[in-house]
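One-based numbering, in listed order, for ligands and for the atoms of each.
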Amino acid sequence: MNNEQLKIPQATAKRLPLYYRFIQNLHASGKQRVSSAELSEAVKVDSATIRRDFSYFGALGKKGYGYNVQYLLTFFRKTLDQDELTYVTLIGVGNLGTAFLHYNFMKNNNTKIVTAFDVDESKIGSEIGGVPVYHLDDMEKHLPENVTVAILTVPAPVAQPIADRLVEKGVKGILNFTPARINVPDTIRIHHIDLAVELQSLVYFLKHYPSE
Ligand code: ATP
């Protein structure tokens, strides 16, 4: 994301990709405007939050008109740096890692996994989803300079030392799918996605906050 939107609250910034995906679909279907109520229904964010989020970046919807889809699309593309490709590496080509290598991230956002690393000899030297898999010992050799983001899908106990090496190598953001809480310098951005916790939380909400 570029510097212009540094003042946008982090919670708002996190919702931008969600909005962007929906606006892209609207644009592709030829729609020219959208109301905050329609957006709200589609992305499941309440409309007051959407109006507040949009006000941060100067998209002021008009009553009875809504938001101009082309304006929003241009804004999101620019803000999310969609014209610039982000190169990603993936560490840990297990079940989850393999699924990510097969997933086409380019479809919805401009990110591309270019290398993968593992320690399992049976995987080293193979290509999965068009991505070459190297031995983690050779990371320093095979990690291209332009890679700024890493996806961690390794067993939790090895997450921290691998993160340290990635940071040392210049990686700026880590998407951590392991349950390990990783420590990184303040200049590095780390997002934790613990699928087991997410699932547990969904089950909890279903039990304790059943919908009418
Ligand atoms: P699988 O069924 O392939 O073992 P999994 O997701 O159930 O997948 P995990 O034990 O979570 O298995 O390991 C994920 C991947 O991380 C595996 O491919 C494993 O070889 C790899 N791995 C384990 N230790 C390391 C390490 N130190 N560095 C890099 N990759 C590692």
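R33 and E38 are not joined by a salt bridge, as no carboxylate oxygen comes within less than 4.0 angstrom of a charged side-chain nitrogen.
Every salt bridge (charged side-chain N to carboxylate O under 4.0 Å, His left out) that D120 has, sequence neighbours left out, goes to K123. Applying the salt bridge (charged side-chain N to carboxylate O under 4.0 Å, His left out) criterion to E198, with sequence neighbours excluded, gives no partner residue.
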Pick out the protein N or O atoms lying less than 3.5 Å from any N or O of ligand 1, and list each pair with its distance.
| unit_1 | atom_1 | unit_2 | atom_2 | d |
| --- | --- | --- | --- | --- |
| ligand 1 | 2 (O) | N95 | ND2 | 3.1 |
| ligand 1 | 3 (O) | K123 | NZ | 3.0 |
| ligand 1 | 6 (O) | N95 | N | 3.2 |
| ligand 1 | 7 (O) | N95 | ND2 | 3.3 |
| ligand 1 | 8 (O) | N95 | N | 3.1 |
| ligand 1 | 18 (O) | V93 | O | 3.3 |
| ligand 1 | 18 (O) | G94 | N | 3.3 |
| ligand 1 | 18 (O) | D118 | OD2 | 2.7 |
| ligand 1 | 18 (O) | K123 | NZ | 2.7 |
| ligand 1 | 20 (O) | D118 | OD1 | 2.6 |

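Under a hydrophobic clustering in which Ile, Leu, Val, Met, Phe, Trp and Tyr are joined whenever their side-chain heavy atoms come within less than 4.5 Å, directly or via other members, V197 and L206 fall into different clusters.
Taking the six-membered ring for Trp and thresholds of 30 and 60 degrees, F105 and F100 have ring planes inclined between 30 and 60 degrees apart.
Counting side-chain heavy-atom gaps under 4.5 Å among Ile, Leu, Val, Met, Phe, Trp and Tyr, the cluster of F205 also holds Y204, Y209.
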